Amino acid sequence: MGEPMKVRLAPSLLSADFSRLADEVADVQSAGADLLHLDIMDGHFVPNLTFGPPIVRSLSPHCSIPMDAHLMVTDPDVFVDDLAAAKVARIAVHIEACNHLQRTLGRIRDAGVEAGIAINPATSLGQLEDALPWVDFVLVMSVNPGFGGQDFLPESLGKIRRLRQMTEMHELDIAVDGGVSRENAAALVAAGATTLIAGSAIFGAADRARALADLRNAAHSGVVQ
Ligand code: DX5
Ligand code: ZN
């Protein structure tokens, strides 16, 4: 193996104050966030509703870091073009929602956007193995999707480790989403995660710069573990 991959931190807007989104984005951006994670929920795939392409389009000019869209919707294909037009850099679709996964991933890449597969905690890695040639990243859910502030499922660590082994020959970005905190960041990075998505641990903190710095320090100690 060569140099360890850089770990990126992606605050999840789900835990931000929705009445002042542009200010919230500016806050984590100036605090050193690497990506902005956008949880798009439709009330069908998950029992919660958030926001869709019109709000992403409005935020886009206020966001200078790459936007990372996480589609928790039953029909992700419908949103791909609008999100690409809103200039998101990455789109993850849930494997559980896609009848024709390869086609959906191709549609995302054709729109000039990095394509990712998201998997629920109970979904087996075997289901995505054959799709790896068509993805730029995998998003491993470490809680059941739908809400921020849930407890991290510790089984996710072994899953990330197995996924990293499965992809050892490729520099695949493995993102982890749900219950990420300074307590588990080092173990997640040591297991092979390269993007840490965190909602309540960052937006839930009064001092976002401190929260990001703490998370980054914890993540770095995982690189050398
Ligand atoms: C949950 C979302 C997550 C959520 C994480 O369905 O996909 O991105 O914001 O929130 P925390 O970090 O609070 O678990
Ligand atoms: Zn998410």
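Index from 1, following the sequence. The structure presented is a predicted model; accordingly, all values stated were derived computationally and were not measured. Read the numbers this way: they start at 1 and go in the same order the structure lists the ligands and their atoms.
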Can you name the atoms of ligand 1, numbered from 1 with element, that are less than 4.0 Å from a heavy atom of [X]?
X	result
Met41	6 (O)
His70	7 (O)
Met72	6 (O), 7 (O)
Gly178	14 (O)
His37	8 (O)
Ser200	11 (P), 12 (O), 13 (O)
Leu14	4 (C), 9 (O)
Asp39	2 (C), 3 (C), 4 (C), 7 (O), 8 (O), 9 (O)

Closest heavy-atom contact between Asp82 and Pro53?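 Asp82 and Pro53 have their closest heavy atoms at CB-CB, 3.7 Å.
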Nearest heavy atoms of Ala131 and Ile117, plus distance in Å: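 Of all heavy-atom pairs spanning Ala131 and Ile117, the closest is CB-CD1, 3.7 Å.
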Report the residue from Leu9, Thr195, Ile65 that forms a side chain to side chain contact (heavy atoms under 4.5 Å, CB included) with Leu35.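 By the side chain to side chain contact (heavy atoms under 4.5 Å, CB included) criterion, Leu35 pairs with just one of Leu9, Thr195, Ile65: Thr195.
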Any idea which protein heavy atom is nearest [atom], and the distance to it?
atom	result
atom 5 (C) of ligand 1	Asp177 OD1, 3.6 Å
atom 6 (O) of ligand 1	Gly146 N, 2.7 Å
atom 14 (O) of ligand 1	Gly179 N, 2.8 Å
atom 10 (O) of ligand 1	Gly148 CA, 3.5 Å
atom 12 (O) of ligand 1	Gly199 N, 2.8 Å

Could you tally the protein N/O/S atoms lying less than 2.8 Å away from the Zn ion (ligand 2)?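 With waters ignored, the protein N/O/S count below 2.8 Å is 4.
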Looking at Glu24 and Arg208, is any side-chain nitrogen of the basic one under 4.0 Å from a carboxylate oxygen of the acidic one?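 Glu24 and Arg208: salt-bridged.
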Does a salt bridge link Asp77 with Arg107, judged by any charged N lying under 4.0 Å from a carboxylate O?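 A salt bridge links Asp77 with Arg107.
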Side chain to side chain, [X] and [Y], heavy atoms closer than 4.5 Å:
X	Y	answer
Ile95	Thr123	yes
Val28	Phe203	yes
Lys159	Leu125	yes
Val7	Val223	yes
Val93	Ile108	yes
Asp39	Leu13	no

If we only consider heavy atoms of Ala201, is any one of them less than 4.0 Å away from an atom in ligand 1?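 No heavy atom of Ala201 comes that close to ligand 1.
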Take every heavy atom of Phe147, measure it against each atom of ligand 1, and state whether any distance is under 4.0 Å.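 Right, Phe147 reaches ligand 1.
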Partner residues of Phe79 under the ring pair (Phe, Tyr, Trp, His ring centres under 6.0 Å) criterion, sequence neighbours left out: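 Checked Phe79 against ring pair (Phe, Tyr, Trp, His ring centres under 6.0 Å); zero matches.
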Does an N or O from [X], backbone or side chain, lie closer than 3.5 Å to an N or O of ligand 1?
X	answer
Ser12	yes
Asn144	no
Gly149	yes

Neighbour count >12 (heavy atoms, 6.0 Å) for atom CZ, Arg216: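 Check passes, neighbour count above 12.
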Decide if atom CZ of Arg210 counts as having more than 12 heavy atoms of other residues, nucleotides or ligands within a radius under 6.0 Å.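 No.
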Between His70 and His94, what is the ring plane arrangement, given parallel below 30°, perpendicular above 60°, and tilted in between?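 If you compare the ring of His70 with that of His94, the planes turn out parallel.
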